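A note on names: the letters A, B, ... follow the listed sequences, proteins ahead of strands, and every chain is numbered from 1. Just so we're clear, the structure is a prediction, and the values are computed from it rather than from any experiment.
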There are 2 protein chains.
Amino acid sequence: MSERRVTMADVARRAGVSPTTASFALSGRTDMRISDASRKKVLEAARELGYRPNVTARSLRTKSTQTIGFVSDRITTTPFAGDVIRGAMEAARERDNLLFITEAGGDRDAESSLVHALLDRQVDAVIYASMFTRYVTPPKELFGRRVVLLNCLAPGFDAPSVVPDELEAGRDAARALLAAGHTEGIWAIGGHQAVPATPEGIIAGNERMRGLEEVLREGGARLDGVVECDWDTRDGFREVSALLAAGHRPRALVCLTDRVSMGAYQALGEAGLSVPGDVSVVSFDDQDIAAVLRPALTTLKLPHHQLGRLAVELILRRGPLEAVVHRVPMPLRERASIGAPAAG
Amino acid sequence: MSERRVTMADVARRAGVSPTTASFALSGRTDMRISDASRKKVLEAARELGYRPNVTARSLRTKSTQTIGFVSDRITTTPFAGDVIRGAMEAARERDNLLFITEAGGDRDAESSLVHALLDRQVDAVIYASMFTRYVTPPKELFGRRVVLLNCLAPGFDAPSVVPDELEAGRDAARALLAAGHTEGIWAIGGHQAVPATPEGIIAGNERMRGLEEVLREGGARLDGVVECDWDTRDGFREVSALLAAGHRPRALVCLTDRVSMGAYQALGEAGLSVPGDVSVVSFDDQDIAAVLRPALTTLKLPHHQLGRLAVELILRRGPLEAVVHRVPMPLRERASIGAPAAG
DNA sequence: CTCCGTTGTTAAATCGGATTAGCAAGTTGC
DNA sequence: GCAACTTGCTAATCCGATTTAACAACGGAG
């Protein structure tokens with residue numbers, strides 16, 4: 001990419017010292033004795049010439065590229081992506097690291113090929129990420145490497161995992177409902193565990209429901225029913241419409257994702273029921289639509305940004321990585337979809 | 001990252017030839033004469049040892065890292081991000097390249113710092129991207145470098161731009177309305193040019209409106225009015241509500257983004273008007289919500305994926321980059337929000 | 001039989017830094 | 001006054017490839 005860069009040799013020449021001295025002066029190492037005078041001359045020369053070290057060259061010798069690879073199944077799809085990457089990137093930048101972002105689209109061969117491409121570039125570590133919290137088996141190329149699992153779990157694979165605290169989120173959803181006075185007429189839409197077509201739900205769905213039921217029970221409240229459905233708007237609409245058509249009159253809906261909530265809103269709207277006047281809704285994820293639905297949706301936020309940030313922070317800590325599961329809290333975004341229970 | 005890699009020297013040793021011969025055999029160059037026997041031995045040895053070249057080391061000599069930097073103001077926000085990056089990444093992978101993804105958050109200093117970090121790693125080229133089509137002034141560090149501008153324009157900066165063909169999209173929106181029989185009662189929401197608070201609109205908004213008005217005029221149709229507003233759901237709701245409250249009864253709304261459309265849907269719904277029975281809606285962007293709104297929204301898709309792909313393809317073409325503006329078509333996603341005009 | 005041109009291969013230099021080993025000059029100790 | 005340390009710096013190597021220059025071995029021409 002054009003025009004010769006200033007090298008360390010240039011700096012040394014201008015400062016009137018050897019490249020060795022320049023190297024030590026610039027790296028600021030104290031184990032090699034450099035006089036203050038020399039150090040100052042070198043730093044001065046470097047500044048004047050606008051010297052910047054060639055990271056590629058340095059890596060060859062030091063083995064550290066200050067670069068992290070990020071492999072995910074899919075970065076597009078809504079619930080994940082941008083925020084995770086941004087969080088990871090910010091944390092990386094704070095320590096002068098950069099991220100290679102890649103996506104394998106769920107294809108095992110593509111995944112292996114990408115990991116190779118990353119290793120060929122000598123990345124210091126790899127973040128292996130999934131868009132949905134689930135169990136994974138990382139490609140064999142990653143065995144024995146410095147790896148952090150992001151939003152996924154791999155029993156038997158020796159690496160830390162960073163995942164949202166879904167269990168506690170389920171509890172918080174229940175607490176929010178109890179606090180508003182709801183004790184009956186509560187339905188969960190999109191639980192108990194997701195249908196096979198939605199493997200994304202196997203962990204998140206289970207844990208959210210487990211936390212929800214636990215706290216409702218403790219609070220003396222009852223879950224009137226659980227409707228299983230795919231975690232999308234269409235299914236949410238269909239199932240809630242069916243529920244209403246069957247004569248049920250829920251006072252509160254716990255929708256397992258915002259997409260399902262949006263479908264629920266549509267169904268309630270078409271049935272002439274208002275939120276939260278007739279029916280309260282509490283949800284999970286806090287996607288973009290949550291804030292712009294009318295009324296705005298109260299939901300438990302998936303901590304994408306924190307997830308990405310923590311993954312990188314773990315990697316950049318000195319020493320070996322421990323195979324621990326880190327659970328990141330999902331904060332409650334209180335908006336306008338929960339109200340007092342409608343009069344019986 | 002652990003365990004010594006197999007080097008070319010290892011391969012040469014096993015094949016019983018010099019590193020030089022191994023290098024030529026592996027790179028498959030024909031300008032240096034290597035016997036078929038030697039070539040075969042080397043390839044065989046490489047395969048047996050699972051040799052993979054160290055891209056970092058190679059780069060030092062060849063100056064080419066097979067790596068592209070991607071700098072954007074923000075990768076999170078909805079309308080952009082994921083798809084662009086995915087398109088760029090796919091195109092890069094097809095030619096054995098990888099992408100450094102970075103985001104400066106609109107901060108000039110951060111931007112410079114990121115560009116430096118990229119150049120320090122010897123990227124072969126940089127994609128300078130904006131989330132909204134707009135005019136930009138790239139940081140001075142990029143002058144004279146191999147750069148492609150993505151979704152932005154920088155007059156005077158010697159680099160190609162890749163942008164959506166907003167003008168033609170505006171024309172297509174008009175054509176879709178005309179085809180359904182609309183000739184009056186047409187309102188544009190979110191045009192003519194965006195308010196100062198929404199700089200994102202200055203290019204997209206202008207061109208969409210220009211194309212729209214041009215074709216409506218040619219088709220003998222009339223634009224009853226243009227409502228300026230921010231390009232978000234809240235403003236869309238507010239402005240369309242106000243429009244209806246003022247006694248207007250539009251037959252068709254051209255919303256300048258899907259977010260505005262969503263607000264329009266909410267306002268129409270609360271006023272008891274149906275889409276497309278009472279009012280047709282045509283929109284721009286094709287964000288995720290477009291497909292799940294009820295009725296599904298007919299909209300002109302922002303070709304994010306193609307944008308990213310083309311940017312990388314331009315970079316990977318041999319030879320210097322020409323400062324040309326490449327306009328990528330915005331395909332019409334016909335769904336269910338346009339119908340015949342309501343009876344007068 | 002010598003000279004010259006191919007052919008196939010390798011030694012050595014290079015890329016831009018980091019690191020190891022060693023070398024002068026100045027200090028201290030006795 | 002001389003050995004033993006320090007201090008401050010540099011020559012030489014190394015990292016893992018690519019690339020240039022040069023060198024044997026062989027065949028054909030004269």
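In this model, the phosphate group of D:dT18 is not approached by any side-chain N or O of B:Lys63 to a distance below 4.0 Å at OP1 or OP2. Taking only side-chain nitrogens and oxygens, B:Tyr51 comes nearer than 4.0 Å to OP1 or OP2 of D:dA17. Between B:Ser23 and D:dA17 there is no side-chain polar atom (N or O) within less than 4.0 angstrom of OP1 or OP2. Neither OP1 nor OP2 of C:dA18 sits under 4.0 Å from any side-chain N or O of A:Thr62. Contact check, B:Arg61 against D:dC15: no side-chain N or O comes under 4.0 Å of OP1 or OP2. Proximity of A:Arg58 to the phosphate of D:dC15: no side-chain N or O atom is located under 4.0 Å from OP1 or OP2. Contact check, B:Ser35 against C:dT9: a side-chain N or O comes under 4.0 Å of OP1 or OP2. Between B:Thr21 and C:dT9 there is no side-chain N or O to OP1 or OP2 distance below 4.0 Å.
The distance from atom CE of A:Met8 to atom C1' of D:dT10 is 12 Å, rounded to the nearest whole Å. Spacing between atom NZ of B:Lys40 and atom P of C:dG8 amounts to 14 Å, rounded to whole angstrom units. Spacing between atom CZ of B:Arg13 and atom C1' of C:dT10 amounts to 15 Å, rounded to whole angstrom units. Straight-line distance from the CG atom of A:Asp120 to the C1' atom of D:dG16: 13 Å, rounded to whole Å. Across the protein-nucleic acid pair, A:Arg5 atom CZ and C:dG16 atom P stand 10 Å apart, rounded to whole Å. Taking atom CG of residue B:Asp31 and atom P of nucleotide C:dT9, one finds them 15 Å apart after rounding to whole Å. Distance CG (A:Leu26) to P (C:dT19): 13 Å, rounded to an integer number of Å. Note: CG (B:Leu49) to P (D:dG16) measures 15 Å, nearest angstrom.
The distance from the CZ atom of B:Phe100 to the OG1 atom of B:Thr65 is 7.5 Å, given to the nearest 0.5 Å. The CG atom of B:Asp83 sits 10.5 Å away from the CE atom of B:Met89 when rounded to the nearest 0.5 Å. To the nearest 0.5 angstrom, A:Leu26 atom CG is 6.0 Å from A:Leu43 atom CG.
In the model, B:Ser59 has no side-chain atom that pairs as donor or acceptor with a side-chain atom of B:Thr56 under 3.5 Å.
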Would you tabulate the pairs of protein nitrogen or oxygen atoms and nucleotide nitrogen or oxygen atoms of nucleotides 21-25 of chain D closer than 3.5 angstrom?
none

Given the rule in the ring pair (Phe, Tyr, Trp, His ring centres under 6.0 Å) test, do B:Phe70 and B:Tyr128 qualify, once you have shown the distances and angles that lead to the verdict? CA-CA 6 Å; B:Phe70 185 105; B:Tyr128 186 80; 9.8 Å; no
Could you walk me through whether A:Ser130 and A:Arg134 pass the side-chain hydrogen bond (donor to acceptor under 3.5 Å, both in side chains) test, one step at a time? CA-CA 7 Å; A:Ser130 165; A:Arg134 61 185 175 102; 2.8 Å; yes
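A residue-by-residue look at A:Arg39 and B:Asn54 shows that A:Arg39 has its nearest nucleotide of DNA chain D further toward the 5' end.
Nearest approach of B:Val162 to B:Leu310, heavy atoms of both residues: CG1-CD2, 3.9 Å. The two atoms that bring A:Ala88 and A:Val312 nearest to each other are O-CG2, 3.4 Å, heavy atoms only.
Across all strands, A:Ser38 comes closer than 4.0 Å only to sugar-phosphate atoms, never to a base (heavy-atom distances). Within 4.0 Å (heavy atoms only), B:Val55 reaches no atom of the nucleic acid at all.
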